[in-house]
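Side chains are part of it too, since the values below use all heavy atoms of this structure and drop only hydrogens, waters and symmetry mates. Both counts, for ligands and for their atoms, begin at 1 and track the order of listing. For this chain, numbers begin at 1 and follow the sequence in order.
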Amino acid sequence: MRDTGTAVPQGEFAPSPPRRVGDSTAPILAFERVSKAYGAVVALSGVDFSVHRGEVVCLIGPSGSGKSTLLRCANALETIDGGRVRFDGVDLQDGATDVRQLRRRMGMVFQNFELFPHLSVLRNVAIGPMTVLAAPRAVAEREALELLRKVGLVDKASVYPAALSGGQQQRVAIARALAMQPDVMLFDEPTSALDPETIGEVLSVMKRLADEGMTMVVVTHEMDFAKRVANWVVVFDRGTVIEQGPPQQIFSNPQVARTREFLSHLGWHGESLATADPLVVKQRM
Ligand code: ADP
Ligand code: MG
């Protein structure tokens, strides 16, 4: 058995019920014909989809298809060339919009954690509320401990990131993003840089967040996670959305040949899907 620090509370992994709220509520995040080019490279073209409160929307598709660009446009780290991005009804392109204020309401988790190496785990989680929200240190640290408990790392509060495994660092990064009490969490391939044996603990934390009702947009190649946890899947190819729908459609009955190709391509290279499925093989002996 591998020492992974504090065990993450293991939920059982029954499929989450479909939770698409549909068009009856205003989306928290809406992309309307969004286009973006880098010089001659078209990164996004006419991208249309929306995210409702409480949903988990997974973005899948080949490398270079525009998924990361889309996430950066979502929180206005990137400008767009055409179309519109609305967050909670507010147009991010409107010059009157306080983009920094809105960005605080979106937690971002990257492939490479990007923790502060010179700060303890506790300080990494507490620093945002202290500096950005002017929370008193005692309050910020108390809440940080609570979040570390939630991601199963309360016993690592006083260590530095370098002492942690990749999976543990990513769980700290999730706690850090949650500390800002975001309305939406954006994940960009949160498990792609991890050793296979630490992927499951990160996906477990994300699954629990989803079950608690957190609104999440997740770029991932973990098709099993998308199948079980997403209630809406958006398939990207070369900067466009080629198909979107509930996971049952995308994974069992894709409407577009290119989606089938992409998934079967993953199947070839991803026999780990069957053998190392972290959502299944995660109960440690
Ligand atoms: P994905 O996340 O799906 O792999 P990206 O959004 O990273 O795709 O990239 C989409 C396209 O935009 C690719 O062709 C990529 O090379 C290009 N691209 C992304 N970011 C930049 C950038 N900062 N400068 C130039 N080209 C970029
Ligand atoms: Mg990317």
What protein heavy atom sits nearest atom 12 (O) of ligand 1, and how far off is it?
-> Ala43 CB, 3.4 Å
Check whether any N, O or S atom of Ser68 sits under 2.8 Å from the Mg ion (ligand 2).
-> yes
Indicate whether the side chain of Glu201 and that of Gln170 have a donor and an acceptor atom separated by less than 3.5 Å.
-> no
In this structure, atom 3 (O) of ligand 1 is nearest to the protein heavy atom Lys67 NZ, 2.7 Å
Near Thr69 (heavy-atom distance under 4.0 Å), the atoms of ligand 1 are 5 (P), 6 (O), 9 (O), 10 (C), 19 (C)
Could you tell me if any non-hydrogen atom of Arg72 lies under 4.0 Å from any atom of ligand 1?
-> yes
Classify the angle between the aromatic ring planes of Phe236 and Phe49 as parallel (below 30°), tilted (30 to 60°) or perpendicular (above 60°).
-> perpendicular
Closest to atom 13 (C) of ligand 1 (judged by heavy-atom distance), picking from Ser63, Gly64, Cys73 = Gly64
Ignoring hydrogens and angles, tell me if any N or O in the side chain of Glu143 forms a donor-acceptor pair with the backbone of Ala179 under 3.5 Å.
-> no
Check whether any side-chain heavy atom of Val172 lies under 4.5 Å from a side-chain heavy atom of Gln169, and answer yes or no.
-> no
Any cation-pi pair here, Lys227 with Phe225, using under 6.0 Å and within 45°?
-> no
Does at least one non-hydrogen atom of Gly39 fall below 4.0 angstrom from an atom of ligand 1?
-> no
Atoms of ligand 1 under 4.0 Å from any heavy atom of Pro62, numbered from 1 in the order shown, are 3 (O)
Using distance alone, decide if ligand 1 has a nitrogen or oxygen within less than 3.5 Å of any nitrogen or oxygen in Ser65.
-> yes
Distance-only donor-acceptor check, side chains Trp232 and Glu55, under 3.5 Å = no
Identify the closest protein heavy atom to atom 23 (N) of ligand 1: which residue and atom is it, and at what distance?
-> Tyr38 CE2, 3.6 Å
Between Gly66, Gly239, Ser68, flag the one that comes closest to atom 2 (O) of ligand 1 by a heavy atom.
-> Ser68
Polar side chain donor-acceptor pair, Asp188 to Ser68, under 3.5 angstrom = yes
Please check if a non-hydrogen protein atom sits closer than 4.0 Å to atom 15 (C) of ligand 1.
-> no
Short version for Val41: what comes under 4.0 Å of ligand 1, heavy atoms counted, is side chain
From CD (Glu189) to NZ (Lys67), nearest 0.5 Å | 5.5 Å
Check each of Val218, Val56, Thr215, Leu178 against Met185 using the side chain to side chain contact (heavy atoms under 4.5 Å, CB included) test, and report the only one that passes.
-> Leu178
